[in-house]
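Accompanying notes for the structure given below.
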Amino acid sequence: KLVTHGGFAFETMDGQKNSAAYISFFNNSNQNFTINSVKTEIANKVEIHDIQIEEDIVKMVKLKSLNIGKKEQVFLQPGGKHIMLFGLKRKLQEGEKFKISFVFENKDEIIAEIFVVNKNLRENYIN
């Protein structure tokens, strides 16, 4: 069984159109999972991204899929793999939550809740 845990996003400012979300996956099964797409009602487009450093330049790169191997743990977190939310339909406010759906290669889905946390907590991840 694949389990999600600890989904969060930082609150946004007025007019902010893009943001990121983070979550952990725990695969307690003997099968591999491949996430091919992500969707949510709060954004027009959702993508899984990773950070790559090329010649001392940090770049965000879209992943075509996210593989979670059997008995593997995958952490989407600031400074690494993350979920990009493009074209936010509204401001994300601290204390609220929203649903996000991960669509697998076989078209099955798993739905997780993302909690919106205070933007000042972002400093804990940058340093």
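Bear in mind that the values here come from a model prediction, so they are computed numbers and not experimental data.
- Between the side chain of Glu55 and the backbone N or O of Ile57 there is no donor-acceptor pair closer than 3.5 Å.
- Among residues at least two apart or in separate chains, there is no ring-ring contact (aromatic ring centres under 6.0 Å, His included) pair with a member in residues 54-74.
- Within the 4.5 Å cutoff, side-chain heavy atoms of Asn44 are placed close to those of Lys89.
- Partners of Gln93 according to the side-chain contact (heavy atoms from CB on, under 4.5 Å) rule, which considers only residues two or more places apart in sequence or in another chain, are Lys91, Glu96.
- Taking 4.5 Å as the limit, every side-chain heavy atom of Phe104 sits out of range of all side-chain heavy atoms of Leu66.
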Check: residues 23-36 side-chain donor-acceptor pairs under 3.5 Å, at least two apart:
residue, atom, partner, partner atom, Å
Asn27, OD1, Ser29, N, 2.9
Asn27, OD1, Ser29, OG, 2.7
Asn27, ND2, Gln31, O, 2.8
Asn27, ND2, Ile68, O, 3.4
Asn27, ND2, Gly69, O, 2.8
Ser29, OG, Gln31, N, 3.2
Ser29, OG, Gln31, O, 3.4
Asn32, OD1, Lys70, N, 2.9
Thr34, OG1, Asn67, OD1, 2.9

- Task: Kindly indicate, with the supporting measurements, whether the criterion salt bridge (Lys or Arg N to Asp or Glu O under 4.0 Å) is fulfilled by Glu113 and Lys99.
- Result: CA-CA 5 Å; Glu113 281 192 330; Lys99 294 192 184 311; 3.3 Å; yes
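- To the nearest 0.5 Å, atoms NE2 (His82) and CG (Leu63) are separated by 9.0 Å.
- For the pairing with Phe102, the side-chain contact (heavy atoms from CB on, under 4.5 Å) check across Asp108, Ile111, Ile83 returns one residue only, Ile83.
- Interatomic distance, Leu92 CG to Leu85 CG, rounded to the nearest 0.5 Å: 7.0 Å.
- Listed here is the closest heavy atom pair of Ala20 and Ala9: O-CB, 3.4 Å.
- Placement of Ile110 and Leu76 within a single hydrophobic cluster is found when ILVMFWY residues are connected by side-chain heavy-atom separations under 4.5 Å, directly or transitively.
- The distance from atom CD of Gln73 to atom NZ of Lys71, rounded to the nearest 0.5 Å, is 11.0 Å.
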- Item | Stepwise side chain to side chain contact (heavy atoms under 4.5 Å, CB included) test for Met13 and Lys119 | CA-CA 9 Å; Met13 300 182 299; Lys119 65 184 174 196; 4.2 Å; yes
- Task: Just do the side chain to side chain contact (heavy atoms under 4.5 Å, CB included) check on Phe98 and Val116 with the steps written out, would you?
- Result: CA-CA 8 Å; Phe98 61 90; Val116 180; 4.0 Å; yes
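- The two residues Ser19 and Leu88 have their closest heavy-atom pair at CB-CD1, 3.8 Å.
- When all heavy atoms are compared, the tightest approach of Ile114 to Ala21 is CG2-CB, 4.3 Å.
- Of all heavy-atom pairs between Asp50 and Gly80, the closest is OD1-C, 3.6 Å.
- In Lys97, the NZ atom is not crowded: 12 or fewer heavy atoms of neighbouring residues, nucleotides or ligands sit closer than 6.0 Å.
- With rounding to the nearest 0.5 angstrom, the CD1 atom of Ile100 is 7.5 Å from the CD1 atom of Ile42.
- Taking Glu41 as the reference, nothing meets the side-chain contact (heavy atoms from CB on, under 4.5 Å) condition, with sequence neighbours excluded.
- Partners of Lys62 by side-chain contact (heavy atoms from CB on, under 4.5 Å), not counting sequence neighbours, listed by chain and number: Glu47, His49.
- Under a 4.5 Å side-chain heavy-atom criterion applied to ILVMFWY residues, the cluster that includes Phe86 comprises Ile51, Ile53, Val58, Met60, Met84 as well.
- A centroid separation of less than 6.0 Å is found between the aromatic rings of Tyr22 and Phe8.
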